[in-house]
Amino acid sequence: MEVVAVIDFETTGLSPAQGDRATEVAAVIVEGGRVVDRYQSLMNAGVRIPAYIEALTGISNAMIRSAPPADAVMREVSDFVGGIPIVAHNASFDARFWDAELEHIQRERKQDFVCSLLLSRRLLPLAPSHKLGALVEYAKLPVAGRYHRALADAEMAASLLLRLEEELRLRHRVPEVSVDLLRRIQRASKAQLPRCLAAARGG
DNA sequence: TGCCAGGCCCTCTTTAGGGCCTT
């Protein structure tokens, strides 16, 4: 598989359209079946974190007060990721924040997102839940740290991505897994999936 | 004042509703 960046945001809520902002971002570069580089930073966007989200993530308002400005962090992380494909767990969420935070620094996204949640629903249909934590447990992946911290979640989503690649190679006998194949799989309906995989096998 | 996300997916569906995910 080509080089990809797996990213994760912690935020003040669910919707940038409602004024929510990022509080932490992490990106890990996956190449040759392993994580080869990492970026992580808290970020101060000047928006108060609700108490229940402080409890969820462990990221407090005090921690954010001493964090670097959100704009500076977004310049760094978007330079770090560059134009390579981005993977995230429930990518529609992270893509909305990625786009909204880039807009604050007058930048635009250069690539599409791949969603490990949609891929897991296709490729690990028997998992009792497709939450990141539940998939880590189901697939017996290493717990990389505290859930709901950006770097730990990005590392675990990267492990999940590699597990999905392995599933395609070993169970579905796909000789070469590409980002384009992942995009086709996440777009495919359950009924279309067998044909999609057969085409990827070369038959 | 009242409201408050959005996309995917399933089904007792398509003239719709509700659960799952992300924080």
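Quick caveat, the model's predicted, so the values are computed rather than measured. So that the names make sense, note that chain A is the first sequence line, chain B the second, and so on, each numbered from 1. These numbers come from the heavy atoms of this one structure, side chains and all, not from hydrogens, waters or symmetry mates.
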Checklist entry - Hey, what's the ring geometry for F113(A) with W98(A), parallel, tilted or perpendicular (30° and 60° as the breaks)? => result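 Plane angle over 60°, so perpendicular.
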Of all of [range], which get a heavy atom below 4.0 angstrom from DNA chain B, listed by number?
range: residues 132-150 of chain A; value: L132(A), H148(A)
range: residues 14-24 of chain A; value: L14(A), S15(A), Q18(A)
range: residues 56-67 of chain A; value: L56(A), T57(A)

Checklist entry - What residues, two or more places apart in sequence or in another chain, satisfy side chain to side chain contact (heavy atoms under 4.5 Å, CB included) together with A100(A)? => result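 Testing A100(A) for side chain to side chain contact (heavy atoms under 4.5 Å, CB included), a comparison that skips the adjacent residues, returns P16(A).
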Next on the checklist: Surrounding CZ of R34(A) (heavy atoms of other residues, nucleotides or ligands, distance under 6.0 Å), is the total greater than 12?
Outcome noted: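 No, not enclosed.
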Checklist entry - To the nearest angstrom, how far is R96(A) atom CZ from dT22(B) atom P? => result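 So the two atoms are 13 Å apart, to the nearest Å.
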Next on the checklist: Using whole Å, what does the distance between atom P of nucleotide dC8(B) and atom CD1 of I185(A) come to?
Outcome noted: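 Rounded to whole Å, this separation is 17 Å.
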If you measure from the [atom1] atom in [N] to the same atom in [M], how many Å do you get, rounded?
N: dG18(B); M: dC12(B); atom1: P; answer: 15 Å
N: dT23(B); M: dC4(B); atom1: P; answer: 22 Å
N: dT1(B); M: dG7(B); atom1: P; answer: 31 Å
N: dC20(B); M: dT15(B); atom1: C1'; answer: 25 Å

Item to check | Residues R171(A) and E166(A) bridged, charged N to O under 4.0 Å | outcome: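 Looking at E166(A) together with R171(A), the answer is no, because their closest N to O distance does not fall below 4.0 Å.
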Checklist entry - Ion pair present between R75(A) and D79(A), side-chain N to carboxylate O less than 4.0 angstrom? => result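 No salt bridge links R75(A) with D79(A).
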Item to check | ILVMFWY clustering at 4.5 Å (side-chain atoms), partners of L117(A) | outcome: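 Other cluster members: none.
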Next on the checklist: Nearest to the S92(A) side chain among dG6(B), dT22(B), dC20(B), which nucleotide is it?
Outcome noted: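 For the S92(A) side chain, the nearest candidate turns out to be dG6(B).
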If you look only at distance, which donor and acceptor atoms sit under 3.5 Å apart when one is on a side chain in residues 39-49 of chain A and the other is two or more places apart or in another chain?
| residue | atom | partner | partner atom | Å |
| --- | --- | --- | --- | --- |
| Y39(A) | OH | E76(A) | OE1 | 2.6 |
| N44(A) | OD1 | G46(A) | N | 2.8 |
| N44(A) | ND2 | I64(A) | O | 3.3 |

